Peer 1: 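Before I ask anything, here is the structure I am working with.
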Amino acid sequence: MKEKFSCTILQSEALTQYLLETSAYPREHEQLKEIRNATVEKYQHMSVMNVPADEGQFISMLLKIMNAKKTIEVGVFTGYSLLATALSIPNDGKIVAIDPDREAYETGLPFIKKAGVDHKIQFIDSDAMTTIQKFLDNGEEGTFDFAFVDADKENYIKYHELLLKLVKVGGIIAYDNTLWAGTVALVEEDLSQEWIDRIGVNRVHLKNLNSFLASDSRIELAHLSIGDGLSLCRRIK
């Protein structure tokens, strides 16, 4: 068991820093670095709500391999993953970005504008399920290439049902934080009340999601040990 709860599944802080400082930070886009630093300055320990730089690099490469052009992001925070996406899709690409916290989004917006990609983003400060349903009702079923979800964990399965309709066959839905610092593997009976309080109820929600995705015949699944756990679901039905 890790000595402290942190948003990475790596057991070694030294290995985490090695990965970031050797491979991620040297290749990090300047405006991504500026968003990361501005988020730490304003939100301090809550800055871990953004994806780490190595995960941002992975998402960027995945989008380029897919030739993704139309994407949706559920949960934006200050926009690190949003900017990574915007930098990776074509100039005429589109990202629907949904988050009820406009203030957090506007923390990163100056850097998104500085990077020259804000024209690709449609930000909607609203409830995600209502917004996704509106897109479906407006005839956009099966038109999105990629979806990234980093939001309220208790609703991940509900988002999955809607996004499976919104994303095209062959498209990918990515769920963040699905290993919850490795705590999804811990046995309930072995956990003290202190640990249960520290890791929170999201561990249970994510265990339920992981079991659900593992048995979903509508997708191909790859559960990756990057960042805090990333589940990639390729729609096949």
Side-chain angles (χ1 to χ4, degrees), residues 6-10 16-17 19-66 68 71-89 93-125 128 145-153 156 159 172-181 202 224-232:
S6 59
C7 288
T8 173
I9 58 93
L10 293 180
T16 300
Q17 287 306 116
L19 177 64
L20 292 172
E21 292 173 4
T22 303
S23 303
Y25 291 159
R27 291 175 172 266
E28 187 178 33
H29 190 280
E30 187 60 32
Q31 274 69 65
L32 285 172
K33 185 173 299 186
E34 288 174 348
I35 282 186
R36 179 163 57 83
N37 290 335
T39 305
V40 171
E41 182 178 343
K42 180 171 182 176
Y43 291 96
Q44 299 180 28
H45 72 281
M46 295 299 290
S47 63
V48 298
M49 289 171 61
N50 273 331
V51 301
D54 58 325
E55 185 177 344
Q57 284 181 332
F58 173 79
I59 292 169
S60 174
M61 185 176 291
L62 176 64
L63 290 166
K64 291 171 183 175
I65 292 169
M66 293 175 61
T71 77
I72 184 169
E73 184 159 328
V74 179
V76 174
F77 192 40
T78 60
Y80 190 97
S81 55
L82 179 62
L83 177 54
T85 299
L87 289 166
S88 304
I89 64 175
K94 176 184 178 181
I95 311 164
V96 174
I98 309 170
D99 198 304
D101 188 352
R102 178 174 285 274
E103 180 183 348
Y105 167 69
E106 290 181 345
T107 300
L109 184 56
F111 310 109
I112 294 172
K113 289 182 175 179
K114 187 177 178 181
V117 293
D118 54 297
H119 66 282
K120 302 179 187 180
I121 298 168
Q122 178 187 0
F123 178 75
I124 303 172
D125 54 346
D145 302 306
F146 179 79
F148 181 72
V149 184
D150 185 4
D152 42 330
K153 315 309 178 194
Y156 269 23
Y159 291 141
I172 288 178
I173 307 168
Y175 296 99
D176 199 30
N177 305 118
T178 52
L179 293 177
W180 205 240
N202 281 339
L224 307 180
S225 53
I226 186 172
D228 194 24
L230 183 68
S231 295
L232 300 180

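In this text the structure is predicted, and so the values were computed from the model without any measurement. The analysis underlying the following values was restricted to heavy atoms, covering all of them including side chains, and did not include hydrogens, waters or symmetry mates.
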Peer 1: Does Ile35 form a side-chain contact (heavy atoms from CB on, under 4.5 Å) with Ile112? I'd like the steps, not just the answer.
Peer 2: CA-CA 8 Å; Ile35 282 186; Ile112 294 172; 4.2 Å; yes
Peer 1: Check whether any side-chain N or O of Asp228 sits under 3.5 Å from a backbone N or O of Ala181 as a donor-acceptor pair, and report yes or no.
Peer 2: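 Checked: pair present.
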Peer 1: Dump the intermediate steps for side-chain contact (heavy atoms from CB on, under 4.5 Å) on Tyr159 and Ile173, then the final yes or no.
Peer 2: CA-CA 10 Å; Tyr159 291 141; Ile173 307 168; over 6 Å; no
Peer 1: Are there more than 12 heavy atoms of other residues, nucleotides or ligands under 6.0 Å from atom NZ of Lys33?
Peer 2: yes
Peer 1: List the steps and the verdict of side-chain contact (heavy atoms from CB on, under 4.5 Å) for Ile59 and Glu55.
Peer 2: CA-CA 6 Å; Ile59 292 169; Glu55 185 177 344; 4.2 Å; yes
Peer 1: With sequence neighbours left out, what residues match Glu103 under salt bridge (Lys or Arg N to Asp or Glu O under 4.0 Å)?
Peer 2: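 Per chain and number, Glu103 pairs via salt bridge (Lys or Arg N to Asp or Glu O under 4.0 Å) with Lys42.
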Peer 1: Whether the Thr78 and Asn50 side chains hold a donor-acceptor pair (N or O, under 3.5 Å, no angle test) is what I'd like checked.
Peer 2: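 Side chains of Thr78 and Asn50: pair found under 3.5 Å.
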Peer 1: Are Thr85 and Phe148 side-chain neighbours, meaning at least one heavy-atom pair lies under 4.5 Å?
Peer 2: no
Peer 1: Give the C-alpha distance, both sets of side-chain angles, the deciding distance and a yes or no for side-chain contact (heavy atoms from CB on, under 4.5 Å) between Phe123 and Leu82.
Peer 2: CA-CA 10 Å; Phe123 178 75; Leu82 179 62; 5.6 Å; no
Peer 1: Check whether Ser47 reaches the backbone of Gln44 with its side chain - one donor and one acceptor, N or O, closer than 3.5 Å.
Peer 2: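 Yes; judged by distance alone, with no hydrogens or angles, the pair exists.
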Peer 1: Between Asp150, Val51, Thr39, which is the residue that forms a side-chain contact (heavy atoms from CB on, under 4.5 Å) with Phe77?
Peer 2: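 Of all the options given, the one that passes is Thr39.
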Peer 1: Any donor and acceptor pair, going by atom type alone, linking the side chain of Ser60 with main-chain N or O of Gly56 inside 3.5 Å?
Peer 2: no
Peer 1: Can you tell which of Thr71, Asp145, Leu62 makes a side-chain contact (heavy atoms from CB on, under 4.5 Å) with Ile172?
Peer 2: Leu62
Peer 1: Using a 6.0 Å cut-off, check whether atom CZ of Arg27 has over 12 heavy atoms from anything other than its own residue.
Peer 2: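 No, not enclosed.
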Peer 1: Measuring only between side-chain heavy atoms, which start at C-beta, is Tyr43 closer than 4.5 Å to Met49?
Peer 2: no
Peer 1: Judged by atom type as modelled, is there a donor-acceptor pair below 3.5 Å linking the side chain of Tyr156 to the main-chain atoms of Val149?
Peer 2: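 Yes; at least one donor-acceptor contact below 3.5 Å.
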